Amino acid sequence: MLRQSEEFSDSAAPVLCGIYRLRGDDGAHAHDFAEIAVIAGGHGVHRTAGGAHAVAAGDFFVLRPGAWHGYESCRELVVANCCLALPALRTDLAFLQSLPAIADLLWIAPVARGRYGVHSGQVDAAAAGRFVAGVRQLAATLAAPRRNPIAISGALVSALAHLVGDPGTRHGALEPGRPSAGPPAAVEAVARAVQDDLTRNWALADLAAVARLDPAYLSRLCRQHLGIAPMRYVARLRAERAAVLLARTGLPVARVGAAVGWPEPNHFARRFKSLVGVSPTAYRLRAATGPGTSAH
């Protein structure tokens with residue numbers, strides 16, 4: 001499985017994908033990119049911060065950067081996945097957030113309280129098979145001698161469509177009443193401001209000033225378009241940025257916290273664990289874990 005930040009070098013495409021056959025245990029691991037994994041066959045147990053659950057064909061998972069997971073007791077478990085680089089989700093792949101069903105899948109559902117950055121759902125066997133075919137097409141597009149960004153984006157959307165457009169799809173309670181367009185300019189302005197100055201001591205009043213909106217109305221818009229309240233959105237971005245630093249650098253944990261806007265070490269540890277499900281130290285250990293090993 002893809003699990004190391006090195007998979008996304010500066011020259012790599014914003015998307016990586018593959019189809020894998022697992023036997024036995026594939027150790028719990030963390031990564032600093034988003035992942036969509038679909039079970040295409042076989043049986044096994046999927047473990048996340050939310051617990052362990054038996055899986056079979058048609059089950060799928062979406063993991064935000066910073067989430068961790070692993071597979072256990074695999075019996076010919078076939079997993080098709082797409083991995084999306086975190087910077088690309090803010091640049092080349094940011095257009096996905098303007099597609100409501102995919103925005104629900106990648107941005108809103110995984111960050112619901114208590115999910116620790118992991119969303120699970122299920123499609124029927126036919127849709128799972130179409131996703132696998134879509135992953136193969138995406139892999140072929142990525143392997144072309146000259147990569148075409150538009151072709152890559154199109155192949156990615158085509159694959160993801162089989163997880164959101166099938167009548168038999170079952171999600172865990174996505175946000176109801178999603179609008180038919182992407183986030184409004186005020187919400188996008190808030191998101192950009194936080195991303196550009198993550199260490200600022202943000203308060204709701206500051207975010208409302210950026211958006212030029214009443215704080216209560218901004219909170220309502222953020223819940224509708226981002227799935228979470230504004231200050232929880234700030235915390236989510238900090239946790240995801242911390243996950244990248246923990247995985248890619250040797251910075252002391254306390255300095256990682258300060259670098260993302262949580263300068264008090266104990267506060268950083270508590271907030272990170274509440275959002276990711278493990279402490280920063282345990283996360284760093286999982287980020288370095290290789291195949292067939294465990295970091296519990």
Side-chain angles (χ1 to χ4, degrees), residues 2 7-8 12-20 31-40 57-65 67 78-111 117-172 174-175 177-184 187-188 191 224-227 240:
L2 302 171
E7 298 288 349
F8 289 101
V15 182
L16 294 174
C17 62
I19 301 170
Y20 306 90
H31 44 65
D32 53 8
F33 47 83
E35 179 178 337
I36 304 99
V38 176
I39 306 302
D59 291 327
F60 70 84
F61 315 97
V62 180
L63 297 97
R64 288 290 304 173
V78 180
V79 182
N81 70 9
C82 293
C83 299
L84 314 177
L86 178 56
L89 288 173
R90 297 171 181 154
T91 54
D92 296 358
L93 301 179
F95 76 94
L96 294 173
Q97 200 160 7
S98 68
L99 306 175
I102 292 179
D104 281 333
L105 189 74
L106 295 180
W107 275 274
I108 291 182
V111 301
V118 182
H119 168 59
S120 61
Q122 190 176 60
V123 294
D124 61 29
R130 290 192 292 270
F131 179 84
V132 171
V135 168
R136 289 198 175 100
Q137 179 59 51
L138 177 57
T141 304
L142 289 166
R146 298 185 66 179
R147 285 176 175 155
N148 182 327
I150 295 176
I152 292 171
S153 297
L156 174 62
V157 171
S158 180
L160 294 179
H162 300 304
L163 303 183
V164 298
D166 187 86
T169 301
R170 293 203 301 276
H171 293 281
L174 293 181
E175 186 79 1
R178 283 278 291 155
S180 58
V187 174
E188 291 182 339
Q224 186 177 32
H225 291 273
L226 301 176
E240 292 184 357

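Residue numbers start at 1 and run along the sequence shown. Since this is a predicted model, take the numbers as computed values, not measurements.
- Taking all atoms of both residues into account, the shortest heavy-atom contact from Val123 to Ala127 is CB-CB, 3.7 Å.
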Chi angles and distances behind the side-chain contact (heavy atoms from CB on, under 4.5 Å) call for Leu160, Val157: CA-CA 5 Å; Leu160 294 179; Val157 171; 5.8 Å; no
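- Within the 4.5 Å cutoff, the side chain of Asp104 has no heavy atoms near those of the Val164 side chain.
- Considering every non-hydrogen atom in both Ala67 and Gly117, the closest pair reads CB-O, 3.7 Å.
- Within the 3.5 Å criterion, the main-chain N or O of Pro110 finds no donor-acceptor partner in the side chain of Arg64.
- Cys17 SG to Leu156 CG: the interatomic distance, rounded to the nearest 0.5 Å, is 9.0 Å.
- Expressed to the nearest 0.5 Å, how far CG of Leu84 lies from CZ of Phe33 amounts to 9.5 Å.
- In plain terms, the two heavy atoms of Val111 and Leu226 that are nearest each other are CG2-O, 4.0 Å.
- Atom CG of Asn148 is separated from atom CD1 of Ile152 by 7.0 Å, given to the nearest 0.5 angstrom.
- Between Asn81 and Phe61, every side-chain heavy-atom pair lies at or beyond the 4.5 Å cut-off.
- The shortest side-chain heavy-atom distance between Val78 and Ile19 falls under the 4.5 Å cut-off.
- Interatomic distance, OG of Ser120 versus CZ of Phe60, reported as 8.0 Å (0.5 Å rounding).
- At a threshold of 4.5 Å between non-hydrogen side-chain atoms, the residues Cys82 and Leu16 do not count as touching.
- Once rounded to the nearest 0.5 Å, the distance linking CD of Glu188 with CD of Gln97 reads 7.5 Å.
- Judged by distance alone, the side chain of Thr91 and the main-chain N or O of Pro87 form a donor-acceptor pair under 3.5 Å.
- For the atom pair Ile36 CD1 and His119 NE2, the distance stands at 11.0 Å (nearest 0.5 Å).
- Closest approach of Ala159 to Phe131, counting heavy atoms only: O-CD1, 3.2 Å.
- The two residues Trp107 and Leu89 have their closest heavy-atom pair at CZ2-O, 3.7 Å.
- Within the 4.5 Å cutoff, the side chain of Ser158 has no heavy atoms near those of the Gln137 side chain.
- Ala37 and Glu35 make their closest contact through CB-OE2, 3.8 Å (heavy atoms, listed as atom of the first residue, atom of the second, distance).
- The only option from Leu105, Val38, Val118 that meets the side chain to side chain contact (heavy atoms under 4.5 Å, CB included) definition with Val62 turns out to be Leu105.
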